[in-house]
Every structure is written in C-alpha cells, then in structure tokens.
Amino acid sequence: MTGVLEGDIGIALVNILLLAVLFVVAIAIARLRNLFAIVMLSGIYSLVSATWYVVVDAVDVAFTEAAVGAGMSTVVLLGAMLLTSRTAKPDKKFARLGPLLVVIATGVMLIYATVDLPALGDPDSAVNQGVGLTYMQINWADTGIPNVVTSVLASYRGFDTLGETTVVFLAGLAVALLLGFGERSLAESIKREGKLPGSNGKSVSETGKEEDAS
Amino acid sequence: MTAAALIAILLGMVLLLIRTLIGPTLYDRVLAVNSFGTKTVLALGLLGYVMGRPEFLDIAILYAMINFVSTIAILKFFRYRSFQVPLVRRGGTQGGKR
C-alpha cells in the first residue's frame with residue numbers, strides 16, 4: 001500500500017477536504033430557508049463530522065455522532081417539522097449582524113486558544129504522560145483491544161458504562177411512558193381533539209399560541 | 001489504488017453535496033442524502049485500509065444500518081406525515097390513511 005495518501009500529507013488532505021465540506025454545509029444551513037433541506041443538510045453534516053472523527057481516531061465519538069446526529073436527530077427534527085411550517089420566515093436585512101459579530105469574536109478567541117494546544121498524538125503532551133501513558137502500556141496485555149479509549153470505556157470502566165447506559169435507557173423509557181405510544185399518545189390525543197389539525201400551512205406563531213391555550 | 005478509490009469517493013461526496021444544495025425537489029435531496037450515507041460507509045472502509053486500521057469496517061457497517069433506518073424514517077414522514085403509522089398493514093385494517 002504505497003499510495004498518494006500514505007503518510008501525513010495524504011491524511012492532512014483528507015482532513016482539509018472533510019472540513020471544507022463541513023464549512024460549506026454549515027454556511028448552507030445558515031443561508032437556506034427551506035426547512036426540509038436544512039434537516040437533510042444537518043444529516044449530511046453529522047455524517048461528514050463522524051467520518052472526520054474517525055480520521056482523527058476518536059472512534060467512540062464518531063459512533064455517538066453517527067447514531068445521535070445522523071440517525072435520531074434527523075427523525076426528531078422531521079417530527080418537529082410536523083408541527084411547524086415548511087419554510088422559515090425571511091430575515092430582515094442586517095438582523096443577524098450582531099450574532100455574526102459575536103460568532104466571529106468567539107471564533108477568533110477559539111483559534112487563538114488552539115495555539116496553546118499540543119499537536120495531535122504528541123507523545124510529550126500532558127494527557128499522554130502519567131495515567132495515559134500507563135494505560136497505553138498495560139492496555140494490550142490486559143485487554144487486547146487495539147483502541148485504548150475503547151478498552152478504558154468498555155473494559156476498565158465497564159460497570160460505569162453499564163450504569164450510564166442504564167440511566168439513559170431509564171430516562172428514555174420514562175419519557176416514552178409520559179408521552180405514550182400509538183393511539184393513546186400525546187400527539188394522537190392532540191390531533192384527535194383538533195387542537196393541531198393537519199400540519200400544512202401552519203406558522204410557528206399559530207402553533208405556539210394554541211399550545212399556550214391548551 | 002486504495003488511495004485513488006478514496007479520492008474518487010470523496011469527489012463523489014462533493015457532487016452529492018451539490019445535488020443536496022440545489023436539488024429542486026424533495027426526493028432529489030432524500031436520494032442525495034441516502035447516497036451520501038452510502039459514500040460515507042465506503043469512504044470509512046477505504047480510510048481504514050489507507051490508514052492501516054481495517055477495524056474501521058465495523059463502524060462502516062454501523063453507518064450502513066443508521067443510514068437505512070433514517071432513510072426509511074424520512075420516506076415514512078413524507079408518505080404518512082406521521083411516525084406513528086405502522087409500515088406493515090395489519091390484516092384488514094388500512095394502515096396509514098387516517
């Protein structure tokens with residue numbers, strides 16, 4: 001495997017391409033008015049960012065991003081679109097000037113902060129010394145899992161992860177019990193009582209008003 | 001060879017992104033996003049081999065599953081305007097039209 005992408009320059013190129021795609025998608029999400037296109041683009045954003053997480057070796061974050069970002073949040077956003085209109089209201093001119101300035105200032109500060117960060121995979125950085133170094137050394141002999149993060153999450157802290165998963169599962173179960181399923185669910189009863197008939201052509205403000213009244 | 005395939009797939013991702021941006025109808029966008037997910041799966045698999053870590057194939061398989069489920073959810077949303085309709089019609093009753 002001696003290809004163009006072998007080595008650091010190739011991976012850097014892949015990084016640059018993926019981040020450029022992320023940039024374009026983010027700009028498009030901010031500019032578009034069609035809510036469905038925005039939901040689709042947010043799915044693409046999640047997929048690309050998950051790919052990028054894999055490239056920088058954060059496999060567990062990539063798993064979460066793919067499951068939550070591309071899978072769940074697309075469905076949740078589409079469900080929210082059922083209750084609102086299909087397009088966003090057009091902006092007034094210069095209405096976003098203040099937020100733009102805030103975002104630019106925050107971005108400049110964050111870029112300034114990255115100057116102090118150690119390089120990716122730097123063996124002399126603080127996280128790779130001490131406890132991190134110990135895990136690197138004993139990981140393979142203990143568990144035989146190639147990815148150290150995975151071995152810490154699923155083996156050394158296995159009970160902790162099991163507890164977290166149980167808590168998340170119980171929270172989801174409680175929400176599902178409160179909102180209900182199928183015929184007896186909250187959405188169905190709202191629909192039956194005619195509070196929110198259909199979903200076409202209802203603006204955000206109308207929907208909000210009716211929910212306040214109920 | 002693997003690197004060339006990876007470059008081709010990344011360029012295909014860019015083309016699909018353009019289709020999602022300018023896609024005139026909703027179905028263009030649904031199809032573009034679905035194909036984009038497939039491209040992501042392929043790119044992940046190839047990235048594993050380019051970076052010398054073929055274990056990434058597991059993640060690629062997970063992405064394929066998520067892509068399938070979310071496309072089904074999107075299409076269901078457009079067909080029935082609700083997620084609470086069973087995809088398979090129960091015997092005799094009319095699933096979907098309410």
Side-chain angles (χ1 to χ4, degrees), chain A residues 1-6 10-11 13-14 17-18 20-21 24-25 27-28 31-32 34 36-37 39-41 43-44 46-48 50-51 53-55 57 59 62-63 66-76 78-79 81-82 86 145-147 150 181-183 185 187-188 191 198-200, chain B residues 1-7 10-11 13-14 16-18 20-23 26 28-34 36-41 43-44 46-53 55-56 58-60 62-74 76-78 81-86 98:
Chain A
M1 286 215 312
T2 53
V4 192
L5 290 184
E6 198 73 29
I11 296 303
L13 271 180
V14 172
L17 190 58
L18 287 176
V21 169
V24 171
V25 171
I27 295 287
R31 297 300 302 171
L32 280 179
N34 185 348
F36 178 73
V39 172
M40 293 289 97
L41 281 172
I44 285 189
S46 296
L47 281 173
V48 176
T51 314
Y53 290 145
V54 171
V55 174
D57 240 345
V59 183
F63 257 123
V68 175
M72 271 313 292
S73 85
T74 307
V75 174
V76 169
L78 282 177
M81 267 180 62
L82 281 175
R86 286 293 194 85
I145 299 172
N147 193 317
T150 310
F181 291 106
E183 293 288 333
S185 73
E188 284 298 311
K191 205 183 282 176
S199 60
N200 287 334
Chain B
M1 196 63 185
T2 323
L6 182 60
I7 292 171
L10 287 176
L11 287 180
M13 283 165 91
V14 172
L16 283 169
L17 180 65
I18 294 171
T20 318
L21 287 177
I22 65 174
L26 298 174
D28 286 330
R29 290 188 165 125
V30 173
L31 196 56
V33 169
N34 190 20
F36 199 92
T38 314
K39 288 276 182 295
T40 315
V41 173
L44 272 181
L46 285 172
L47 262 176
Y49 284 103
V50 169
M51 292 166 68
R53 306 262 311 268
E55 306 97 48
F56 288 174
D58 295 352
I59 309 167
L62 177 88
Y63 279 24
M65 277 160 47
I66 289 171
N67 193 27
F68 174 71
V69 170
S70 64
T71 306
I72 291 284
I74 291 164
K76 196 174 169 184
F77 170 78
F78 277 106
R81 309 233 151 256
S82 165
F83 291 124
Q84 305 196 329
V85 182
R98 297 209 173 171

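Letters A, B, ... mirror the listed sequences (proteins, then strands); counts begin at 1.
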Practice problem: Mind ranking B:Leu17, B:Asn67, B:Val69 by heavy-atom pairs under 4.5 Å with chain A and telling me who comes out on top? | Solution: B:Leu17
Quiz prompt | Proximity breakdown for A:Ala20 and chain B, heavy-atom pairs closer than 4.5 Å | solution = neither
Self-check item: Side-chain heavy atoms of A:Leu47 within contact of B:Lys39, under 4.5 Å
Solution: no
Quiz item: Which bit of B:Leu26 is near chain A, if near means a heavy-atom gap under 4.5 Å: side chain, backbone, both or neither?
Solution: both
Self-check item: Spatial distance of atom CG (A:Leu13) from atom CG (B:Leu6) [nearest 0.5 Å]
Solution: 10.5 Å
Quiz item: Can you tell me how far CG of B:Asn34 sits from CE of A:Met40, rounded to the nearest 0.5 angstrom?
Solution: 10.0 Å
Quiz item: What is the minimum heavy-atom distance between B:Tyr63 and A:Ala62, and which atoms define it?
Solution: OH-O, 3.4 Å
Quiz item: Would you call A:Val24 and B:Leu21 a side-chain contact if the rule is heavy atoms closer than 4.5 Å?
Solution: yes
Exercise. Decide yes or no for A:Phe36 and B:Val30: does some side-chain heavy atom of the first lie under 4.5 Å from some side-chain heavy atom of the second?
Key: yes
Quiz item: Can you tell me how far CG of A:Leu41 sits from CZ of B:Arg29, rounded to the nearest 0.5 angstrom?
Solution: 7.5 Å
Self-check item: Test side chain to side chain contact (heavy atoms under 4.5 Å, CB included) applied to B:Ile74 and A:Val75, A:Leu78, A:Val39, the passing residue
Solution: A:Leu78
Self-check item: Note, A:Thr51 side chain near B:Leu47 side chain (heavy atom, < 4.5 Å)
Solution: yes
